[in-house]
Amino acid sequence: MRTFVAIDIPGEIRARIQQLISVLRRTPCDVRWSRPEGLHITLKFLGEIPPERLDAVKRALESLPPSEPIAIAIAGSGFFPNGRAPRVLWLGIQAGPELAALAASIERGLAPLGIPQEDRPYAPHLTLGRLRAAHGLSALQEVLKQQGELAMGSFTAREFFLYESQPAQDGSIYKKLARFRIGSDAPA
């Protein structure tokens, strides 16, 4: 099963992002838009994990050292790899060092299970859409510019999840497999 570890986005922020996507959809740019219900902040992409190894992954995530709740703001936008040759449109994630520390802790905790560590620095973001062609790009960039700062909201992350990614015709569907606490005052 294809899996990843991520932080969920609260419903009120998802609703704001849905409104933004509705505006951006009106441009002629050829984009496969993310489903708002599937938006998340990826901490670690695990890839294919055999079902019989799932319990070991859960145990490794449960035994991570404690961390503090993480204040996160979603603001700003950009393109990967860049605005001249974009393939991904994203919203920015602003957080203190706790977010990167949690991602690094997950990397270290899963490494003994043979899950490869990332060779790139951690770059948290929310993927709004994947560009299939450059046609209409200037219109998309202009509408983004008209939106201003794109401050979608902020929240405190007190949990993260192990997800399964199930392929579907209109993009992957994500199923929560397990929940893990962030901080000692997080809900169980």
Side-chain angles (χ1 to χ4, degrees), residues 1-47 69-81 83 86-95 98-100 102-103 106 122-182 186-187:
M1 62 181 36
R2 190 175 167 92
T3 58
F4 63 94
V5 179
I7 293 173
D8 238 357
I9 305 300
E12 65 274 7
I13 295 176
R14 284 179 197 275
R16 287 185 206 116
I17 295 170
Q18 173 64 53
Q19 291 173 341
L20 173 63
I21 290 173
S22 294
V23 169
L24 298 176
R25 273 186 198 275
R26 298 180 196 140
T27 67
C29 197
D30 187 10
V31 179
R32 187 181 82 217
W33 297 102
S34 296
R35 294 178 176 155
E37 65 272 13
L39 290 173
H40 58 271
I41 302 169
T42 301
L43 294 166
K44 172 71 177 157
F45 177 73
L46 282 61
I70 304 168
I72 297 173
I74 300 172
S77 66
F79 295 95
F80 287 137
R87 293 199 321 246
V88 173
L89 169 60
W90 52 261
L91 287 175
I93 302 297
Q94 299 168 0
E98 300 86 3
L99 183 61
L102 177 60
I106 291 168
Y122 180 62
H125 63 280
L126 291 180
T127 299
L128 282 184
R130 298 185 183 281
L131 286 78
R132 295 185 273 224
H135 171 74
L137 175 61
S138 59
L140 177 63
Q141 290 172 326
E142 182 58 34
V143 171
L144 268 173
K145 194 165 134 183
Q146 292 169 3
Q147 301 307 305
E149 187 181 317
L150 287 182
M152 298 285 118
S154 60
F155 67 102
T156 300
R158 299 183 187 282
E159 59 189 3
F160 64 93
F161 298 89
L162 175 62
Y163 282 92
E164 178 183 3
S165 176
Q166 301 170 334
Q169 186 173 354
D170 295 337
S172 296
I173 296 172
Y174 306 129
K175 175 184 174 188
K176 290 178 182 172
L177 301 175
R179 179 174 68 167
F180 307 93
R181 288 193 223 194
I182 299 174

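When a residue number appears, it is its place in the shown sequence, counting from 1.
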task: State which residues pass ring-ring contact (aromatic ring centres under 6.0 Å, His included) with F4; sequence neighbours excluded, sorted by chain then number.
output: H40, Y163, Y174
Go through the structure and list residues passing side chain to side chain contact (heavy atoms under 4.5 Å, CB included) with [X], not counting sequence neighbours.
X: S154; answer: A73
X: Q141; answer: F79, L137
X: A134; answer: none
X: A100; answer: Y122

message: Other residues, nucleotides and ligands only: do more than 12 of their heavy atoms fall within 6.0 Å of CD on E149?
response: no
- request: Mind running side chain to side chain contact (heavy atoms under 4.5 Å, CB included) on I74 and F155 for me, showing each step along the way?
  value: CA-CA 9 Å; I74 300 172; F155 67 102; 4.1 Å; yes
Does any part of the side chain of [Y], heavy atoms only, come nearer than 4.5 Å to the side chain of [X], both counted from C-beta?
X: L24; Y: V31; value: no
X: L131; Y: R87; value: no
X: V5; Y: T42; value: no

Check side chain to side chain donor-acceptor pair (under 3.5 Å) between [X] and all other residues, then give those that pass, not counting sequence neighbours.
X: K176; value: D8
X: S77; value: none
X: S22; value: Q18

- prompt: Which pairs count as salt bridge (Lys or Arg N to Asp or Glu O under 4.0 Å) when at least one residue sits in residues 138-148, sequence neighbours excluded?
  reply: none
- prompt: Who passes salt bridge (charged side-chain N to carboxylate O under 4.0 Å, His left out) against R16, sequence neighbours left out?
  reply: none
field: Within residues 28-38 or reaching into it, pairs that qualify as side chain to side chain donor-acceptor pair (under 3.5 Å) - sequence neighbours excluded
entry: D30-R132
